[in-house]
Enquirer: 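Questions regarding the structure given below will be posed in turn.
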Amino acid sequence: MSVQETRRAIKPVSPLREAAQMFCRNRPAIFGTVLLSLIVAAVFYGTFISGADPYEIVWAPQAFPGEAENIPLGTDYMGRDILTGLLKGGGPTIAVGLSAALITVVIGISVGAMAGYFGGWADNALMRFTEFFQVLPALLFAMVLVTLFSPTLTTIAIAIGIVSWPQTARLTRAEFLRIRNLEYVTAARAVGAGNNRIIWRVILPNALPPLIVSATLTIGVAILFEAGLSFLGLGDPNTMSWGLMIGANRSYLLDAWWPVTFPGLAIFLTVLAVSLIGDGLNDAFNPKLRQR
Amino acid sequence: MSASTKPLLEVRDLAVRFELPKAGLFAPKRHFHAVRGVSFAVPQGRTLGIVGESGSGKTTTAMAAIRLRPADGGQVLLDGRDILKLTQDELRRARRDFQIVFQDPYSSLNPRERVGSIVREPLDLMKVGEPGEERNERVRELFSLVGLRDDQIALFPHQFSGGQRQRVSIARALATNPRLVVCDEPVSALDVAIQAQILNLLRRLQDELGLSYLFISHDLGVVQFICDEIAVMYLGRIVEYAPRADLFRTPRHPYTASLLAAAPSLSRRKSAGYRRVSAVRGDPPSPFNIPPGCAFASRCPNAQTRCREEEPVLRQFGEGRVACHFPLD
Amino acid sequence: MSEPLLKVDDLRVEFDTRHGRVTALDGVSFDLMPAETLGIVGESGCGKSITALSLMGLIPSPPGHVTGGRIEFEGNDIAAMTKRRQRQMRGHDIAMIFQEPMTSLNPVFTIGDQIAEAILLHQDVSRGEARNRSIELLKTVGMPEAERRARAFPHELSGGMRQRVMIAMAISCRPRILIADEPTTALDVTVQAQIFELMRGIQEEFGVAIMLITHDMGAIAEMADRVAVMYAGRIIEEGDADEILDNPLHPYTRGLIGCIPLLGKEARDDGRPPKLAEIPGVVPPLHLLGQGCSFADRCPLVHDRCHREKPLLTGSTHCVACHATQMEAA
Amino acid sequence: MVYLLRRLAFGVLLLAGVVILNFLLIRLAPGDPAAVIAGEMGGASQEVLASIRERYGLDKPLLVQLGIYLSNVVRGDLGESYFFNRPVIDLILSRLGPTILLVMAAQLLAIVLGVFMGVLASLKPQGFLSGFVAVISTVGYAAPVFWTGMMLTILFASIFPILPVEGMSSARFRGGTFDYILNVARHLILPATTLGIIFLAQYARLARAAMIDVLGADYVRTARAKGVPESRVVFKHALRNAVLPILTVAGLQFGNLISGALLVETVFNWPGMGRLAFDSILRRDYPVLLGVLFFSAMMVVLANILTDLSYRLADPRINTEGRS
């Protein structure tokens with residue numbers, strides 16, 4: 001039958017491995033990965049190894065970075081060490097970001113998958129529900145939730161999750177709607193697969209690439225949210241976090257730039273790293289780019 | 001028609017309609033009748049072709065017949081058992097007897113699965129043979145049956161050409177030893193050279209395995225090559241239904257005649273001054289808004305007043321059946 | 001004999017792919033005479049569409065590069081013309097219609113505007129005049145209710161009607177050459193027949209030379225005066241349509257004709273049409289083309305020389321690029 | 001027209017949902033609803049609490065309470081700020097203008113400049129501008145907007161003191177209307193830029209992607225084949241189609257824009273609804289906070305309807321969908 005194909009033995013190339021190779025060839029993505037690893041390592045050191053107390057007053061207030069040996073990044077308006085604050089404050093920020101992203105993804109994928117797969121009545125109801133949530137400006141809604149239900153890390157994570165799932169839901173729905181109509185799904189039904197198998201084993205794996213990208217980006221968004229809430233004074237008052245440092249020093253901005261600049265930079269670099277990784281994944285999963 | 005043998009599949013009065021988006025909040029629900037009262041039979045070991053242009057409802061008919069989309073009326077009898085009445089569980093078990101090969105070799109295989117497990121999936125889901133070696137052996141057997149090699153079993157779909165993917169698709173359809181295979185335009189996405197390979201393969205498999213095919217196509221050349229009987233569909237209805245030789249020798253419905261006139265041929269030469277004389281005019285009317293009377297009347301060269309008022313029914317005429325007030329001799 | 005309208009000589013086009021740079025057109029040469037129809041036939045990926053696009057200067061770059069060859073229109077080298085003159089040639093002297101009428105018209109403008117734009121670009125007429133002419137053109141291509149339809153958007157028309165609009169746009173400036181790239185592939189058979197008939201009528205009325213790109217031998221028979229058969233970026237056989245169809249010389253052409261399930265190939269003993277001829281294997285991907293004949297791996301007449309050396313296109317009226325056939329003839 | 005009515009009806013429904021949500025939030029919050037409404041800083045004397053119970057019918061069944069709440073909202077009564085001692089609706093209306101000004105200025109800046117940059121970048125997909133768009137969109141996305149604002153404040157307050165960094169107009173401003181407008185405009189520059197820049201980056205990136213996509217479309221090839229000059233291919237044939245996805249996203253971004261405005265107003269002391277929300281958080285002034293939530297939702301609903309309408313104007317395929 002196929003004459004010339006017999007000559008070459010071909011190795012299986014899984015789509016996943018191809019994506020991984022693409023990712024590794026993407027320089028910004030690698031930079032993001034390295035940057036994120038460094039940040040996570042530093043935060044890990046601050047949270048679990050370093051015994052320093054971020055609330056301890058170590059020097060004169062608003063001391064310039066490097067003014068004394070033990071304050072390489074200066075002190076804040078109360079004389080607390082900023083570097084210690086950064087190392088200690090990263091933990092809560094990242095933890096809230098991760099758990100909020102998890103909540104977002106779980107709600108978003110469940111709602112979106114049901115709406116997209118079952119369509120019709122269920123889709124209509126779920127999408128109206130989603131639209132309702134999209135009408136509320138996310139940060140404002142999160143503020144209201146946190147104000148009403150006391151600002152703890154858990155409330156903050158839940159609030160961020162509640163306000164940001166609609167986008168994931170819409171994306172999931174769109175992917176499910178698209179894939180649902182592809183012939184391989186019909187083919188699976190033709191060989192006797194039931195709804196469960198089709199949703200979880202056939203459609204979801206194929207819908208996953210854009211969802212992974214969006215989940216990654218959601219971590220970045222959640223970190224920004226946490227920072228925003230803390231900045232507005234809605235952070236957990238008992239936990240040092242990057243946003244809180246900015247919010248607390250905001251009033252003295254024009255007297256001393258460093259207590260605000262460094263935590264902001266930390267947030268910026270973390271989100272940057274995450275979004276570079278997200279972009280890299282996006283390119284890696286994009287079959288159009290792979291052709292080139 | 002082979003009246004002596006009992007048909008394997010018999011479809012009676014099948015109807016499918018789609019719900020259209022409502023015009024307003026309180027407007028009545030609107031429907032689009034994609035398949036209207038379609039009846040046909042696939043004899044054991046033979047091939048029935050359904051031909052028609054896009055929008056004729058041919059694919060919808062096939063999909064509804066094997067319950068890959070819901071039907072809104074009629075019966076589908078496989079060996080006397082009504083498929084439309086089976087419960088979900090019964091249906092899943094019954095599916096081993098009827099399988100399908102799709103049109104698009106690119107979207108019909110899950111890109112994240114190895115082709116070996118794609119072919120194996122029906123065996124696993126319908127619990128055919130012992131799990132493990134027996135099923136793997138069956139997969140190897142199927143691969144060689146459709147002209148693929150053992151060492152390709154572990155590959156992913158994107159590593160295959162269109163023709164080879166279609167072979168995988170056929171292997172999957174044959175895995176459970178089905179009796180009926182629905183072929184939904186299986187070669188229309190392929191280049192002619194590959195198309196010939198697949199058509200020959202389908203015919204060989206039919207001879208070797210005694211398969212029955214329900215073959216959907218828009219290409220009369222392909223249909224003539226592979227089908228024993230042919231049903232011509234136009235806007236959701238069968239307009240002519242006849243054995244191959246008769247349909248191609250003496251088309252009775254003007255629509256069939258115009259399809260034949262437009263089918264591929266090397267004998268219509270520009271050098272010989274060939275001109276098309278009475279090609280049908282215009283496009284098919286919108287399926288959302290089918291006029292009363294004969295649906296083909298607006299394009300028919302022989303249409304008369306009666307055609308625009310009264311819808312013709314399918315009736316015996318010559319060797320076959322035709323739905324036309326003024327069939328051709 | 002008259003001078004060719006278009007003379008293509010040794011055209012080479014290369015593309016950058018992830019397998020490196022591949023040759024999509026490898027020394028393609030042909031002439032197009034006034035008012036004739038030249039059919040270019042081949043399977044997908046053989047380079048027939050790229051040939052058409054390179055004549056129009058529409059090869060997307062990157063990744064495409066025209067790396068050699070010469071295209072002459074009425075004796076003038078196109079590459080030597082100014083950019084402006086090249087642009088004026090498009091639409092005015094050479095027009096093109098495409099395979100996908102669904103996506104080839106701009107969805108946000110009315111079809112009347114799109115035809116009028118072509119007229120205004122190349123002719124010195126007023127807007128109103130362009131409008132009227134576009135309605136006339138729509139009538140010429142057989143559009144019912146042309147005045148009303150001129151105000152329609154593309155999505156409001158069927159595929160066949162859109163292809164008529166494309167044709168109206170193409171002939172709006174009375175081009176000398178009409179390139180039709182698979183103009184009926186996306187259409188239903190009955191509509192295909194109408195479009196072919198329309199093209200024949202337009203050719204007779206305006207005397208335009210047509211270059212018909214197709215994979216369909218039936219279309220070649222019905223439309224073409226001469227045929228060039230392409231395989232893997234080269235023309236492998238060329239001649240009068242009847243010659244090619246009745247007496248194909250290249251094994252590929254023979255295979256291609258033999259594998260079409262044609263109407264009328266009727267009846268063996270059991271009443272079934274005979275088995276189709278097959279060309280084994282698949283077209284090799286461009287990056288795996290070797291130094292020999294690109295058809296060698298699938299050829300029933302293959303011998304050593306075919307793997308070593310590319311055959312050249314030889315002959316006077318019926319040309320073929322095949323070592324086996326050439327030796328037989330010699 | 002029918003479509004517009006339907007959209008408006010659905011919008012009203014959504015807003016009713018927001019009102020119900022507000023109602024539920026107050027009931028679900030820990031503590032006595034009356035105390036919640038009064039606010040912790042409001043000096044919840046017994047008389048105040050009693051008047052609140054009276055006003056909201058808090059001793060009645062939940063559904064009746066909801067009815068009272070809804071009918072209050074319909075009459076324009078969003079409650080009372082016990083801190084300012086003013087009806088919430090008055091407070092918000094006095095802050096609505098500045099917020100709309102800020103949000104619109106930012107959106108306009110972002111769309112116009114963003115699309116322009118994106119289009120230019122799309123012409124050379126591997127060129128310098130494309131790289132620049134990629135970098136600023138990543139940077140703009142990653143930088144917390146309030147931090148960017150503060151960095152700009154430092155820059156313009158200490159290093160180049162050429163632009164005001166606080167408020168909406170100079171204190172004790174005297175002068176004619178025209179001078180006043182100029183004064184406000186100068187104050188607007190920094191907040192609008194801060195807010196606009198995140199979205200600008202996103203639109204630029206989106207416009208570039210959409211244009212690259214459209215420039216490869218068949219109908220663009222058709223335009224080139226009929227000899228349309230390249231500039232016209234880009235700005236007429238391609239851009240008209242590429243704005244469609246941008247329009248969609250711009251509509252969806254409106255909520256985020258208001259969220260951003262909240263932070264930016266706080267940083268620059270811009271006297272809008274965001275600043276009001278921030279102040280009411282500090283004072284636990286819940287009626288005001290919920291009022292701001294309601295009004296923001298209303299702005300988003302209106303913006304969505306406007307986006308939809310403009311989309312229908314821009315894309316002829318939508319209008320005729322129902323026609324057969």
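Letters A, B, ... mirror the listed sequences (proteins, then strands); counts begin at 1.
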Enquirer: Pick from C/G159, C/G45, C/G218: which one has the most heavy-atom pairs with chain B under 4.5 Å?
Expert: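 Ranked by heavy-atom pairs under 4.5 Å with chain B, first place is C/G218.
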
Enquirer: If you compare all heavy atoms of B/R269 against all heavy atoms of C/D246, which two are closest, and at what distance to 0.1 Å?
Expert: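 Shortest heavy-atom separation between B/R269 and C/D246 comes out as NH2-OD1, 2.9 Å.
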
Enquirer: Has the side chain of C/E43 got a donor or acceptor atom that lies under 3.5 Å from a matching backbone atom of B/L190?
Expert: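 Side chain of C/E43 to backbone of B/L190: no pair is present.
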
Enquirer: Work out which heavy atom in B/A193 is nearest to a heavy atom in C/R298; give both atom names and the distance.
Expert: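 Result for this residue pair: CB-NH2, 4.2 Å.
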
Enquirer: Side-chain contact, heavy-atom cut-off 4.5 Å: B/R299 with C/T190?
Expert: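 Yes, side chains in contact.
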
Enquirer: What option among C/D242, C/I220, C/L187 has the most heavy-atom pairs under 4.5 Å with chain B?
Expert: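 Among C/D242, C/I220, C/L187, the one with the most close pairs to chain B is C/D242.
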
Enquirer: About how many Å separate CD of B/Q195 and CG of C/L276, when rounded to the nearest 0.5 Å?
Expert: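 Spacing of CG (C/L276) from CD (B/Q195) equals 8.0 Å.
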
Enquirer: With a 4.5 angstrom heavy-atom cut-off, is it the side chain or the backbone of B/L266 that approaches chain C, or both, or neither?
Expert: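 Its backbone and side chain both get close to chain C.
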
Enquirer: What part of B/S265 gets within 4.5 angstrom of chain C, counting heavy atoms only: side chain, backbone, both, or neither?
Expert: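 Looking at B/S265, just its backbone touches chain C.
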
Enquirer: Tell me which of these, B/V222, B/V223, B/I226, B/L259, has more heavy-atom pairs under 4.5 Å with chain C than the rest.
Expert: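 Of B/V222, B/V223, B/I226, B/L259, B/V222 has the most heavy-atom pairs under 4.5 Å with chain C.
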
Enquirer: Which answer fits B/E53, side chain, backbone, both or neither, if we ask what part of it has an atom under 4.5 Å from a heavy atom of chain C?
Expert: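 Answer is both: backbone and side chain atoms of B/E53 are under 4.5 Å from chain C.
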
Enquirer: Under a 4.5 Å cut-off applied to non-hydrogen side-chain atoms, are C/D188 and B/H218 in contact?
Expert: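 No. Closest side-chain heavy atoms not under 4.5 Å.
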
Enquirer: How close do B/F225 and C/P274 get, heavy atom to heavy atom, and via which atoms?
Expert: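 Taking every non-hydrogen atom into account, CE1-O, 3.2 Å.
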
Enquirer: Is any side-chain heavy atom of C/R200 less than 4.5 Å from a side-chain heavy atom of B/K270?
Expert: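 C/R200 reaches B/K270 side chain to side chain.
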
Enquirer: Which bit of C/A224 comes within less than 4.5 Å of chain B, counting heavy atoms only: side chain, backbone, both or neither?
Expert: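 For C/A224, the contact with chain B is made by the backbone alone.
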
Enquirer: Report the distance from atom CG of B/D191 to atom CG of C/L256, rounding to the nearest 0.5 Å.
Expert: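 Output value for this atom pair is 9.0 Å.
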
Enquirer: What closest approach, in Å, do C/C259 and B/V192 show between heavy atoms, and which atom pair accounts for it?
Expert: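 Distance-wise, the nearest heavy atoms are SG-O, 3.7 Å.
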
Enquirer: Answer whether the closest heavy-atom distance between the side chains of B/S271 and C/E243 falls below 4.5 Å.
Expert: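 A side-chain contact under 4.5 Å is absent here.
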
Enquirer: Locate the shortest heavy-atom distance separating B/A196 from C/A277; write the atom from each residue and the value.
Expert: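 Taking B/A196 first and C/A277 second, the nearest heavy atoms are CB-O, 3.5 Å.
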
Enquirer: So which part of C/M217 gets closer than 4.5 Å to some heavy atom of chain B, the side chain, the backbone, both or neither?
Expert: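 Both backbone and side chain.
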
Enquirer: Do B/Q164 and C/V282 have side-chain heavy atoms sitting under 4.5 Å apart?
Expert: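 The answer is no, as the side chains (C-beta and beyond) never meet within the 4.5 Å cut-off.
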
